[in-house]
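Just below is one structure, and these are the notes that go with it.
So you know, we letter chains A, B, ... as the sequences are listed, proteins then strands, and number each from 1. Here the structure is a predicted model, which means the values were calculated and not measured.
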2 protein chains.
Amino acid sequence: MKKKSNGQYLESSRRGEILVAAAELFRAKGYEATTIRDITTAVGIASGSTFCHFRSKREILDAVAIEGMRHVLSGAEAVVRRSLAPEECLRVLMRQHIGFLHDPPARDFVTVLLYESRALSVAAQKEVRLLMTRYEEIWKACLQGLATVPVGPVRESLLHRLLFGALNWSVHWYSPGDDPPPEVLAEELAGLVLPAMRVSAE
Amino acid sequence: MKKKSNGQYLESSRRGEILVAAAELFRAKGYEATTIRDITTAVGIASGSTFCHFRSKREILDAVAIEGMRHVLSGAEAVVRRSLAPEECLRVLMRQHIGFLHDPPARDFVTVLLYESRALSVAAQKEVRLLMTRYEEIWKACLQGLATVPVGPVRESLLHRLLFGALNWSVHWYSPGDDPPPEVLAEELAGLVLPAMRVSAE
DNA sequence: CCTACCGATCGGTAGG
DNA sequence: CCTACCGATCGGTAGG
């Protein structure tokens, strides 16, 4: 479940309801193709009422993306606190990342964050990038711990980007019915990466 | 260079000029955020003149995406004709795929194809999917040839999707100045996949 | 291929 | 939070 930092569910406030409806629509139709009227119809209020809670349509997008990125980062930070062995850490991070992409309601926020970042305000882009860097650092540390010989900085920053890509692309093809469950997906990617790390360590 | 099937350059016809300008704008701003007037200003004609060549804005998008997918497929088919050894085949396919994503002017067409497919007409979606399947078959055959024991159908169709993701995601971060050249990118991903294939074959 | 134009719809506002 | 509304801009058309 998605929470705000104050511990209340997003759905419990009108502002939160708008965010949840907007995230779902932005994911399904795209930011530009979604109108204020689409969102307010879903929530059940008049279109003008949007601007009691947000100054502009873009401000809704900014809030959705930042909320999504905070959710992702706090999940990864919880993994770090468990102090897992590197292999287990990577598996858990991957498993969780797939969940961020596919489990509602978080997936709406995260998918919008990934695929509409171009439309964010400059300030929101900066904020998201800041949180994203912290998320990436967690992955990098995990991958460093995995190699028995140190991995060069170029190769390291390339590796986590390739992994992110492999996972993030799944939003374009993954269907929960036909495709293997998240655990299998994570295991498959782990099976690809772990042998390669062992080879590079020889 | 991008060619039409009749051998003429796209830029040599007014219709082609519109396609090239539209592809560049769709890639940079997104389909919905790009206006007919953006496109015609870039080409240097009046906005109404668009409809001498296309019935609607969507028809431009359809043409851009199909042109992009045809370019990708014909490139891969040329690789197949070279009858390379599986390892070399994979490296060449990856190297070429990165080129499709990053070398102008093809990258505009291909990126739009990847990230605006939601906005395509139903007919164009079908056409693109048909060509895409043929492209995927080429990758699958190459990957099958790579394994010394047969790879299961689930694992096989997962593997090529993970590879596509790793490559396609690069449009979100790759910068030709700062990041390693396409050859290194392809080599890095090959270094990830090839050891895993060997392990799975043991 | 251009000029001139149009109906629809958009994000956003004023006043209550 | 609603009603009533507006200026701007959009994709697309008619006629030449």
According to the Watson-Crick and G-U wobble definition with distances under 3.5 Å, which dot-bracket string, read 5' to 3', encodes DNA chain C, using [ ] for crossing pairs and | for pairs with another strand? ||||||||||||||||
Nearest-nucleotide pick for B:Lys57, side chain only, options being C:dC2, D:dT3, D:dG12: D:dG12
Does B:Glu77 come within less than 4.0 Å of B:Arg134, counting only side-chain N to carboxylate O? yes
Using whole Å, what does the distance between atom P of nucleotide D:dC1 and atom CD1 of A:Ile36 come to? 15 Å
Polar pairs (N or O, both sides) under 3.5 Å between protein and nucleotides 13-16 of chain C?
none

Once you round it to whole Å, what is the distance between P of C:dC2 and CZ of B:Arg14? 7 Å
Nucleotide D:dG12, atom C1' - distance to CD1 of B:Ile60 in whole Å: 12 Å
Interface with DNA chain C, restricted to residues 19-30 of chain B and to heavy atoms under 4.0 Å: none
Mutual orientation of the aromatic rings belonging to A:Trp169 and A:His172 [parallel < 30°, tilted 30-60°, perpendicular > 60°]: tilted
Is a salt bridge present between B:Arg95 and B:Glu187, judged by a nitrogen-to-oxygen distance below 4.0 Å? no
Kindly say whether the aromatic ring centers of A:His71 and A:Phe109 come within a distance under 6.0 Å. no
Would you confirm whether the ring centroid of A:Phe164 sits within less than 6.0 angstrom of the ring centroid of A:Tyr135? yes
Rounded to whole angstrom units, what separation is found between the CD atom of B:Glu32 and the P atom of D:dT9? 18 Å
Roughly, in whole Å, what's the span from CZ in A:Phe54 to P in D:dC1? 11 Å
Here the distance between atom P of C:dG12 and atom CD1 of A:Ile45, to the nearest Å, is 14 Å
Name of the residue among B:Asn168, B:Val72, B:Val92 meeting side chain to side chain contact (heavy atoms under 4.5 Å, CB included) with B:His97: B:Asn168
Checking C:dC10, D:dC10, D:dC1 against the side chain of B:Thr35 (C-beta onward), the nearest is D:dC10
Rounded distance (Å) that lies between atom P of D:dC2 and atom CZ of A:Arg37: 14 Å
